[in-house]
S.K.: 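Quick one: the structure is below, and I'll ask about it shortly.
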Number of protein chains: 2
Amino acid sequence: MAKRHSNYTRGTGCPVEAALEIIGAKWKGGVIYHLLDGELRFMELQRRMPTVTQRILSKALRELEADGVILRTVYPTVPPQVGYRLTPDGEALREPVLGLRAWGARRTAAACAMAAE
Amino acid sequence: MAKRHSNYTRGTGCPVEAALEIIGAKWKGGVIYHLLDGELRFMELQRRMPTVTQRILSKALRELEADGVILRTVYPTVPPQVGYRLTPDGEALREPVLGLRAWGARRTAAACAMAAE
DNA sequence: CAGTATCCCGTGTGATACTG
DNA sequence: CAGTATCACACGGGATACTG
């Protein structure tokens with residue numbers, strides 16, 4: 001993913017690349033997918049993606065927020081709670097992401113059938 | 001993108017991640033997108049994506065081929081010609097990729113409007 | 001034309017530990 | 001609970017030159 005927003009958003013590359021700059025990072029797709037269900041807390045996301053570390057998840061969330069894809073809401077309670085939800089712009093990724101998921105699922109199924117445990 | 005096919009295709013991650021493992025690399029989305037138009041030669045792809053180096057493009061193509069997304073055809077002519085086209089499996093990415101493209105295009109347009117050259 | 005061979009570097013990812 | 005700090009590293013990406 002390289003440079004992030006350098007000039008990929010400008011004329012150079014195809015928009016596909018621009019989109020992948022944002023959601024292509026290892027865990028971002030998963031984050032967006034899970035947030036399609038609605039607002040989730042930090043730990044909820046971690047539970048759904050057990051193998052991602054806090055640092056990486058945090059980083060991904062901050063980047064997605066900076067990119068206007070998700071919204072971070074802090075509830076001033078104790079202990080602190082933070083909710084993450086998709087912005088309308090992020091919601092617009094629903095179809096493509098579900099499409100990718102379906103595609104990935106078919107391949108996974110095929111691969112698993114062959115590997116057969 | 002990390003490890004490539006280690007065990008992401010197994011139960012661990014969501015299929016979204018599995019899909020991004022394959023098309024998430026910097027230029028792969030672009031390659032697939034351009035191949036939606038039909039078979040293209042190596043140099044055709046390079047012309048459409050002027051900033052990618054031969055090595056990287058070659059690498060991307062080999063990986064996509066290994067993943068069963070594209071098909072490589074060698075025409076025994078002189079000078080040699082090689083065509084790349086999507087497999088049916090790759091064709092199945094059409095909708096998601098076009099969706100991502102549309103999404104990326106909207107953001108690019110918005111960003112450019114703000115940056116205003 | 002369609003690649004491969006080297007070499008190098010940035011950064012994305014990760015493990016671990018600590019904090020408001 | 002929801003993070004940040006620090007350290008380390010492999011790997012993807014890139015520049016350049018060479019080849020069947």
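Per chain, numbering begins at 1; letters A, B, ... match sequence-line order.
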S.K.: In chain order, what residues pass the side-chain contact (heavy atoms from CB on, under 4.5 Å) check against B/Leu40, with sequence neighbours excluded?
M.R.: B/His34, B/Leu35, B/Glu44, B/Leu45, B/Arg48
S.K.: Nearest whole Å is fine: how far is D/dG13 C1' from B/Leu57 CG?
M.R.: 13 Å
S.K.: Tell me: CD of B/Glu65 to P of C/dA2, nearest whole Å?
M.R.: 15 Å
S.K.: OP1 or OP2 of D/dC1 sitting under 4.0 Å from any side-chain N/O of A/Tyr84?
M.R.: no
S.K.: I want to check one thing: is the phosphate of D/dG14, taken as OP1 and OP2, less than 4.0 Å away from some side-chain N or O of B/Lys26?
M.R.: yes
S.K.: Nearest whole Å is fine: how far is C/dC1 C1' from B/Arg47 CZ?
M.R.: 14 Å
S.K.: A/Asp89: which residues meet the salt bridge (charged side-chain N to carboxylate O under 4.0 Å, His left out) condition with it, sequence neighbours left out?
M.R.: B/Arg106, B/Arg107
S.K.: Determine: side-chain N/O of A/Arg41 to OP1/OP2 of D/dC1, distance under 4.0 Å, yes or no.
M.R.: no
S.K.: Given C/dG3, is OP1 or OP2 found less than 4.0 Å from the side-chain N or O atoms of B/Arg62?
M.R.: no
S.K.: Roughly how far, to the nearest 0.5 Å, is the CG atom of A/Asp37 from the CZ atom of A/Arg85?
M.R.: 14.0 Å
S.K.: Ignoring backbone atoms, test whether B/Ser58 places a side-chain nitrogen or oxygen under 4.0 Å from the OP1 or OP2 oxygen of C/dT4.
M.R.: yes
S.K.: To the closest 0.5 Å, what do you measure between CG (B/Leu93) and CH2 (A/Trp103)?
M.R.: 4.5 Å
S.K.: What integer distance in Å separates A/Leu61:CG from C/dG12:C1'?
M.R.: 16 Å
S.K.: Distances under 3.5 Å only, N/O to N/O: pair up the protein atoms with those of nucleotides 15-19 of chain D.
M.R.:
from: D/dA15; atom 1: N6; to: B/Arg55; atom 2: NE; distance (Å): 3.3

S.K.: Rounded to the nearest angstrom, tell me the gap between atom CG in B/Leu40 and atom C1' in C/dC1.
M.R.: 15 Å
S.K.: Calculate, to the nearest 0.5 Å, the distance between atoms CG and CD belonging to A/Asp67 and A/Glu65 respectively.
M.R.: 10.0 Å
S.K.: In chain order, what residues pass the side chain to side chain donor-acceptor pair (under 3.5 Å) check against A/Tyr84, with sequence neighbours excluded?
M.R.: none
S.K.: Going through the checks in order, is the side-chain contact (heavy atoms from CB on, under 4.5 Å) test met by A/Ile23 and A/Val31?
M.R.: CA-CA 9 Å; A/Ile23 71 158; A/Val31 169; over 6 Å; no
S.K.: May I ask you to list the residues of residues 72-82 of chain B, by number, that have any heavy atom positioned under 4.0 Å from an atom of DNA chain C?
M.R.: B/Arg72, B/Pro79, B/Pro80, B/Gln81, B/Val82
S.K.: Is the shortest side-chain N/O distance from B/Trp27 to OP1 or OP2 of D/dG12 below 4.0 Å?
M.R.: no
S.K.: Output the distance between atom CG (A/Leu57) and atom CZ (A/Phe42), rounded to the nearest 0.5 Å.
M.R.: 4.0 Å
S.K.: Figure out the CD1/P separation between B/Ile56 and C/dA5, and round it to whole Å.
M.R.: 14 Å
S.K.: Whole angstroms only, please: what is the CD-P distance between A/Glu44 and D/dG3?
M.R.: 13 Å
S.K.: What bend angle does the helix from C/dC1-D/dG20 to C/dG20-D/dC1 show across its length, from five-pair end axes and to the nearest 10 degrees?
M.R.: 60°
S.K.: When the distance from CD of A/Glu63 to P of C/dG12 is rounded to whole Å, what number comes out?
M.R.: 7 Å
S.K.: Run the side-chain contact (heavy atoms from CB on, under 4.5 Å) test against B/Ala60 and tell me which residues pass, sequence neighbours left out.
M.R.: B/Lys28
S.K.: Atom CG in B/Leu64, atom CD1 in B/Ile22: separation rounded to 0.5 Å?
M.R.: 8.5 Å
S.K.: Can you list everything that forms a salt bridge (charged side-chain N to carboxylate O under 4.0 Å, His left out) with A/Glu91? Sequence neighbours excluded, please.
M.R.: A/Arg94
S.K.: Show me the pairs that pass side-chain hydrogen bond (donor to acceptor under 3.5 Å, both in side chains) and involve residues 70-83 of chain A, at least two apart or across chains.
M.R.: A/Glu39-A/Tyr75
